[in-house]
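One-based numbering, in listed order, for ligands and for the atoms of each. Computed from a predicted model, the values in this text were never measured in an experiment.
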Amino acid sequence: MTHNKVFVITGPTGSGKTTVSQYMKEHYNMPQVITHTTRSPRAGEQDGVDYYFETPASFATKHYLEHVTYSGNQYGSSREGLAAGWQRSPFISIVLDTAGAVTYAKELGDQAVIIYLEVPNQQALLERLTKRGDQQARIERRVASKEYLRDQQLPVGLVGHAQVIVNDDWAQTQQALDQLIAQYQTDPQSAN
Ligand SMILES: Nc1ncnc2c1ncn2[C@@H]1O[C@H](COP(=O)(O)OP(=O)(O)OP(=O)(O)O)[C@@H](O)[C@H]1O
Ligand SMILES: Nc1nc2c(ncn2[C@@H]2O[C@H](COP(=O)(O)O)[C@@H](O)[C@H]2O)c(=O)[nH]1
């Protein structure tokens with residue numbers, strides 16, 4: 001029986017998914033599955049580290065476990081990416097929108113540990129995006145997208161499957177993550 005798990009980190013834009021994934025990498029040595037996108041890099045983002053940055057033509061040549069359009073750009077993740085991660089460690093993480101998280105829950109069952117992050121204060125969330133350095137036009141486009149609105153709520157398909165963490169205070173988020181990971185480290189099966 002395999003004890004491989006993928007921690008799927010999902011939630012609204014700016015809720016802290018990448019920050020959580022980075023924390024799991026730095027504190028628990030969890031490899032991050034790198035996904036593919038046609039969006040252009042943000043300042044400081046690197047190809048092969050943050051994403052595989054694709055053109056629409058190169059994106060279309062890959063084989064995806066799931067792929068979505070989010071605020072006008074395409075994103076996709078592959079089974080090969082998961083397999084490569086699991087070769088390095090039994091616990092890995094991936095950052096997905098909620099549609100992707102629903103697909104992972106369906107396709108991978110208990111192998112996917114879903115974490116849904118929420119930030120109840122919308123204004124605080126938008127301020128985080130500005131502080132992150134996102135261009136105002138990009139923020140406005142994203143906030144106007146149907147995906148942005150959809151991801152504000154835990155999808156019906158994840159109710160009862162996802163661990164919901166309110167990411168207001170980072171110290172509390174860290175504590176919730178530490179508790180969750182400890183459960184899986186103790187006994188990966190009983191934590192389901
Ligand atoms: N608890 C927190 N308190 C304050 N700022 C935070 C907290 N968690 C994350 N941030 C900051 O909020 C910003 C957005 O976080 P992050 O990039 O991780 O979000 P995301 O969910 O991956 O966003 P996106 O979906 O747009 O890529 C970052 O600048 C990050 O440092
Ligand atoms: N379903 C998928 N969602 C993905 C994938 N890679 C990233 N994402 C999600 O897209 C949005 C936008 O990302 P951003 O980096 O432009 O802010 C965010 O919710 C990501 O979690 C993927 O392969 N599949």
Side-chain angles (χ1 to χ4, degrees), residues 6-26 32-54 59 62-82 85 92-108 112 114-135 138-143 145-155 157-158 162 165-177:
V6 56
F7 287 79
V8 175
I9 305 155
T10 191
T13 197
S15 57
K17 301 181 294 295
T18 310
T19 308
V20 164
S21 167
Q22 198 59 28
Y23 174 77
M24 288 173 152
K25 181 182 170 190
E26 285 165 11
Q32 297 166 301
V33 179
I34 301 165
T35 64
H36 301 254
T37 184
T38 59
R39 88 150 158 73
S40 48
R42 294 187 186 118
E45 283 186 332
Q46 287 177 282
D47 185 46
V49 176
D50 299 286
Y51 277 108
Y52 296 112
F53 291 101
E54 310 281 357
F59 186 91
K62 308 291 184 307
H63 299 100
Y64 297 108
L65 166 58
E66 58 80 42
H67 59 93
V68 297
T69 299
Y70 190 103
S71 189
N73 294 304
Q74 291 176 278
Y75 297 83
S77 60
S78 64
R79 284 192 191 273
E80 289 81 356
L82 292 176
I92 62 179
S93 85
I94 190 167
V95 172
L96 300 173
D97 74 346
T98 60
V102 169
T103 305
Y104 268 58
K106 275 195 196 131
E107 293 283 322
L108 300 181
I114 316 283
I115 300 174
Y116 178 84
L117 298 177
E118 60 184 20
V119 178
N121 184 334
Q122 282 292 299
Q123 197 50 40
L125 195 127
L126 293 177
E127 279 165 19
R128 286 185 194 178
L129 295 181
T130 307
K131 215 166 155 190
R132 182 172 71 180
D134 289 22
Q135 292 162 357
R138 212 179 230 199
I139 296 176
E140 282 166 18
R141 182 167 163 222
R142 189 158 274 207
V143 169
S145 71
K146 62 179 191 306
E147 292 83 16
Y148 175 82
L149 197 63
R150 178 202 62 198
D151 287 357
Q152 300 300 316
Q153 283 198 328
L154 181 69
L158 293 182
I165 297 180
V166 176
N167 182 26
D168 271 338
D169 175 65
W170 177 247
Q172 284 180 14
T173 300
Q174 228 173 299
Q175 209 177 19
L177 292 169

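Of all the atoms in ligand 2, the ones that sit under 4.0 Å from a non-hydrogen atom of G100 are 1 (N). Each of the atoms 1 (N), 2 (C), 3 (N) of ligand 2 lies under 4.0 Å from some heavy atom of V68. For ligand 2, the atoms closer than 4.0 angstrom to any heavy atom of S77 are 23 (O). Counting atoms of ligand 2 from 1 in the listed order, those under 4.0 Å from a heavy atom of Y51 are 6 (N), 7 (C), 13 (O), 14 (P), 15 (O). Counting atoms of ligand 2 from 1 in the listed order, those under 4.0 Å from a heavy atom of V95 are 4 (C), 5 (C), 6 (N), 7 (C), 8 (N), 21 (O).
Contact between Y64 and ligand 2 is absent, with no heavy atom of the residue lying under 4.0 Å from the ligand. Heavy atoms of R142 come nearer than 4.0 angstrom to ligand 2 in at least one pair. Within the 4.0 Å heavy-atom cutoff, G76 counts among the residues contacting ligand 2. Contact annotation: T37 has no heavy atom less than 4.0 Å from any atom of ligand 2. Within the 4.0 Å heavy-atom cutoff, R42 counts among the residues contacting ligand 2.
Under the 3.5 Å distance criterion, with hydrogens and angles disregarded, a donor-acceptor pair is assigned to the side chains of Q152 and Q122. A donor-acceptor pair shorter than 3.5 Å can be found between the side chains of R138 and S40. When only modelled atom types and interatomic distance are considered, N73 and T37 share no side-chain donor-acceptor pair under 3.5 Å. In the model, Y104 has a side-chain atom that pairs as donor or acceptor with a side-chain atom of S77 under 3.5 Å. Under the 3.5 Å distance criterion, with hydrogens and angles disregarded, no donor-acceptor pair is assigned to the side chains of S71 and R141.
Classification of the H36-Y64 ring pair by plane angle, with boundaries at 30° and 60°, yields perpendicular.
Scanning all protein heavy atoms for the shortest distance to atom 6 (N) of ligand 2 gives T35 OG1, 2.8 Å. What sits closest to atom 5 (C) of ligand 2 on the protein, heavy atoms only, is Y75 CB, 3.5 Å. Protein heavy atom in closest approach to atom 9 (C) of ligand 2: D97 N, 3.5 Å. Closest to atom 24 (N) of ligand 2 among all protein heavy atoms lies E66 OE2, 2.8 Å.
Taking 4.0 Å as the cut-off between side-chain N and carboxylate O, K106 and E66 do not count as a salt-bridged pair.
Between the side chain of S78 and the backbone N or O of H63, no donor-acceptor pair lies under 3.5 Å. In terms of modelled atom types and a separation under 3.5 Å, the side chain of K17 and the main chain of P12 share a donor-acceptor contact. Between the side chain of N167 and the backbone N or O of T173, no donor-acceptor pair lies under 3.5 Å.
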Assess whether side-chain contact (heavy atoms from CB on, under 4.5 Å) is satisfied between S93 and K25, documenting all intermediate values.
-> CA-CA 8 Å; S93 85; K25 181 182 170 190; over 6 Å; no
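The protein residues lying under 4.0 angstrom from ligand 1, judged by non-hydrogen atoms, are P12, T13, G14, S15, G16, K17, T18, T19, R42, R128, R132, R142, N167, D168, W170.
By the criterion of a heavy-atom distance under 4.0 Å, the side chain of R39, and not its backbone, is placed next to ligand 2. Only side-chain heavy atoms of K17 come within less than 4.0 Å of ligand 2; its backbone N, CA, C and O stay farther off.
Interatomic distance, OG1 of T35 versus CG of L65, reported as 12.0 Å (0.5 Å rounding).
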